[in-house]
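Working notes, beginning with the structure itself.
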Amino acid sequence: MVIVAGILTFFAPLVSTNPPVTQITRWSPFSIVRQMYLGKLPEPTCERCGEPAVRSLLALPVLVMAVYALMLLALFALCFSDAQALANI
């Protein structure tokens, strides 16, 4: 349940901006990526080639993406691991 709650923080407005960006001061990681895809925020581009790279990967800082990826990996490991091995811990 703790891992699921952590994953749900992806949709919680945890980022504050001052001054407001597009009249919004509280942002969630999901809303940042969504607004970028809608074209309301500048999209990241590859500095070497000038092409929009994998936007969802570059839209958030690497450490934030790593935390959410680790939470998904932990959830996957818990769901598909042997229940008896977890009970022995």
Side-chain angles (χ1 to χ4, degrees):
M1 292 184 71
V2 172
I3 294 172
V4 172
I7 293 171
L8 290 177
T9 62
F10 186 72
F11 302 100
L14 301 175
V15 178
S16 297
T17 59
N18 188 11
V21 177
T22 64
Q23 289 78 34
I24 300 172
T25 58
R26 307 272 306 164
W27 292 83
S28 70
F30 174 75
S31 64
I32 292 170
V33 173
R34 184 170 177 268
Q35 293 298 321
M36 287 180 63
Y37 278 115
L38 292 175
K40 295 182 181 178
L41 295 175
E43 60 186 51
T45 57
C46 174
E47 292 179 3
R48 277 188 300 169
C49 57
E51 294 290 323
V54 181
R55 292 185 216 165
S56 61
L57 178 62
L58 296 176
L60 295 172
V62 175
L63 290 176
V64 173
M65 292 303 293
V67 167
Y68 286 108
L70 286 173
M71 283 191 279
L72 286 173
L73 181 66
L75 182 63
F76 180 78
L78 284 173
C79 289
F80 295 107
S81 66
D82 186 18
Q84 176 138 4
L86 289 175
N88 292 335
I89 294 177

Exercise. Is the number of heavy atoms from other residues, nucleotides or ligands within 6.0 Å of CZ (Phe76) greater than 12?
Worked result: no

Exercise. Looking at OG1 of Thr9 and CG of Leu14, how far apart are the two atoms once the value is rounded to the nearest 0.5 Å?
Worked result: 6.0 Å

Exercise. Where is the tightest heavy-atom contact between Arg26 and Pro13, given as atom of each residue plus distance?
Worked result: NH2-O, 2.7 Å

For this session: Give the ring-plane orientation class for Phe30 versus Phe10, where under 30° counts as parallel, over 60° as perpendicular and anything between as tilted.
Result: perpendicular

For this session: Indicate the atoms forming the closest heavy-atom contact of Tyr68 with Pro29, along with that distance.
Result: OH-CG, 4.1 Å

Exercise. How many angstroms lie between CE in Met1 and CG in Leu8, if you round to the nearest 0.5 Å?
Worked result: 10.5 Å

For this session: Return the minimal non-hydrogen interatomic distance between Met71 and Ile3, and the atom names on each side.
Result: O-CG2, 3.3 Å

Problem set entry | Pairwise distance CG(Leu73) to CG(Leu78) - rounded to 0.5 angstrom | 9.5 Å

For this session: Evaluate the side-chain proximity of Pro20 to Thr25: yes if any heavy-atom separation is below 4.5 Å, no if none is.
Result: yes

